Amino acid sequence: MSERISKANIADPKTSFGSGRAATRHFMTQRLTAMANIAFTLFFVWMVVRLAGAERADMVAVLANPFVAIVTALLIVNVAVHMRIGMLEVIEDYVHDARLNRFCIMLNTFFAILVAGGTILALVKIVFWG
Amino acid sequence: MTTSRPRPTSPHLSVYHFALSMILSIVHRITGVALYVGTLLLMVWIAAAAISPEALEIVHAIFGSWFGQLVLFGYTWALFHHLLGGLRYLLWDTANGMDHPAREWIIRGNLAGSILLTLLAWAIFVWF
């Protein structure tokens, strides 16, 4: 480990130990999104089993359904929030160099936004333009 | 006054008696990371469907190859394992089911359930 935990740096978000301010919120958010993900996962499995290998017309017909489109959009946002916090914990545990730690945390956020944003854009295209 | 007793040490992985819950703890994290990367598969799939039939054909060719199917099968297991593992941790958050032998059965159920649900999902996919 490159630096030791001390009173001076324990809650400093610039170190690799994680933000002391956000920790409780992350803890709660992770459990709330986990509970929501129970239902979302069952929906997701249904969607994949229903649409795996399907023709484009079939996929568009199912995904353009308002219920399916909205639930899929909520799913990807919920998953993005959950996986971002999960990966943040992994980064805080294993990436000890403070600068690299912050860089990884930034990439983590970009990845979560990319996946959620990309999926929602694709859904919007399907819903409004087929 | 000196004493011959060793000073207390900070607990670390090596001081604990081996338990299956340790393996499932790290497996929960590994499946979480795998699912993290795997969200790209969902995005690529839906994006391809949004773009054109040709783009979807390419994704079908990749996902439908033996390697793609292997990855998707592993992804299915990771998803169910992480789902059941998440339920296990939500239960343990309430401090229920932590005693022996309840915890051991919960862990075995986690492992067996994830394999069973994976096979079930693929059976439905292949046969229906």
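Just so it is clear, the structure is predicted and the values come from calculations on it, not from any experiment. In what follows, chains carry the letters A, B, and so on, assigned in the order in which the sequence lines appear, proteins first and then strands, with residues in each chain numbered from 1.
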Considering only heavy atoms, which portion of B:Thr76 lies under 4.5 Å from any heavy atom of chain A: side chain, backbone, both, or neither? neither

Portion of B:Phe63 that has a non-hydrogen atom of chain A nearer than 4.5 angstrom: neither

Return the minimal non-hydrogen interatomic distance between [X] and [Y], and the atom names on each side.
| X | Y | result |
| --- | --- | --- |
| B:Phe80 | A:Val45 | CZ-CG2, 3.8 Å |
| A:Glu55 | B:Leu56 | C-CD2, 4.0 Å |
| B:Ala50 | A:Ala122 | CB-O, 3.5 Å |

Which region of [X], side chain (C-beta onward) or backbone (N, CA, C, O), has a non-hydrogen atom less than 4.5 Å from a non-hydrogen atom of chain B, or is it both or neither?
| X | answer |
| --- | --- |
| A:Val124 | neither |
| A:Ile120 | neither |
| A:Asn108 | both |
| A:Ala54 | backbone |
| A:Val49 | both |
| A:Val79 | side chain |

Top residue by heavy-atom pair count (under 4.5 Å) with chain B, among A:Val60, A:Leu63, A:Thr119, A:Ile76?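 Top count of heavy-atom pairs under 4.5 Å with chain B: A:Thr119.
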
Heavy-atom pairs under 4.5 Å with chain B are the metric here; pick the option from A:Gly130, A:Gly118, A:Ala80, A:Gly86 that has the most.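 Of the options given, most contacts go to A:Gly118.
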
[atom1]-[atom2] distance between [X] and [Y], expressed to the nearest 0.5 angstrom:
| X | Y | atom1 | atom2 | result |
| --- | --- | --- | --- | --- |
| B:Ile46 | A:Leu123 | CD1 | CG | 5.0 Å |
| B:Leu83 | A:Phe40 | CG | CZ | 13.5 Å |
| A:Arg31 | B:Asp93 | CZ | CG | 4.5 Å |
| B:Ile51 | A:Lys125 | CD1 | NZ | 8.5 Å |

Angle between ring planes, B:Tyr36 versus A:Phe111, binned at 30° and 60°: parallel, tilted or perpendicular? parallel

ILVMFWY cluster, [X] and [Y] together (side-chain gap under 4.5 Å):
| X | Y | answer |
| --- | --- | --- |
| A:Ile113 | B:Leu40 | no |
| B:Phe67 | B:Val44 | yes |
| A:Ile38 | A:Phe44 | yes |
| A:Leu74 | A:Trp46 | yes |
| A:Val77 | A:Phe67 | yes |

Return the option, out of B:Ser52, B:Gly32, B:Ala48, with the maximum number of heavy-atom pairs under 4.5 Å with chain A. B:Ser52

Hey, which of B:Pro53, B:Ala55, B:Ala49, B:Ala47 has the most heavy atom pairs under 4.5 Å with chain A?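 Max contact count across the listed options: B:Ala49.
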
Are any of the side-chain heavy atoms of [X] and [Y] separated by less than 4.5 Å?
| X | Y | answer |
| --- | --- | --- |
| B:Glu57 | A:Arg56 | no |
| B:Leu42 | A:Met47 | yes |
| A:Thr41 | B:Leu79 | yes |
| B:Leu35 | A:Met83 | no |

Working note: A:Val90 + B:Val33, criterion side chain to side chain contact (heavy atoms under 4.5 Å, CB included); need CA distance, chi angles, decisive distance, verdict. CA-CA 9 Å; A:Val90 172; B:Val33 170; 4.3 Å; yes

Take B:Phe125 and A:Val48 through the side chain to side chain contact (heavy atoms under 4.5 Å, CB included) test and state the conclusion after the steps. CA-CA 9 Å; B:Phe125 168 65; A:Val48 171; over 6 Å; no

A:Arg84 atom CZ, neighbour heavy-atom count above 12 within 6.0 Å: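 Not buried by this count: 12 neighbours or fewer within 6.0 Å.
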
In this structure, are over 12 heavy atoms from other groups packed under 6.0 Å from B:Tyr89 atom OH? yes

Chain A-proximal positions within residues 98-121 of chain B [heavy-atom distance under 4.5 Å]: B:Ala121

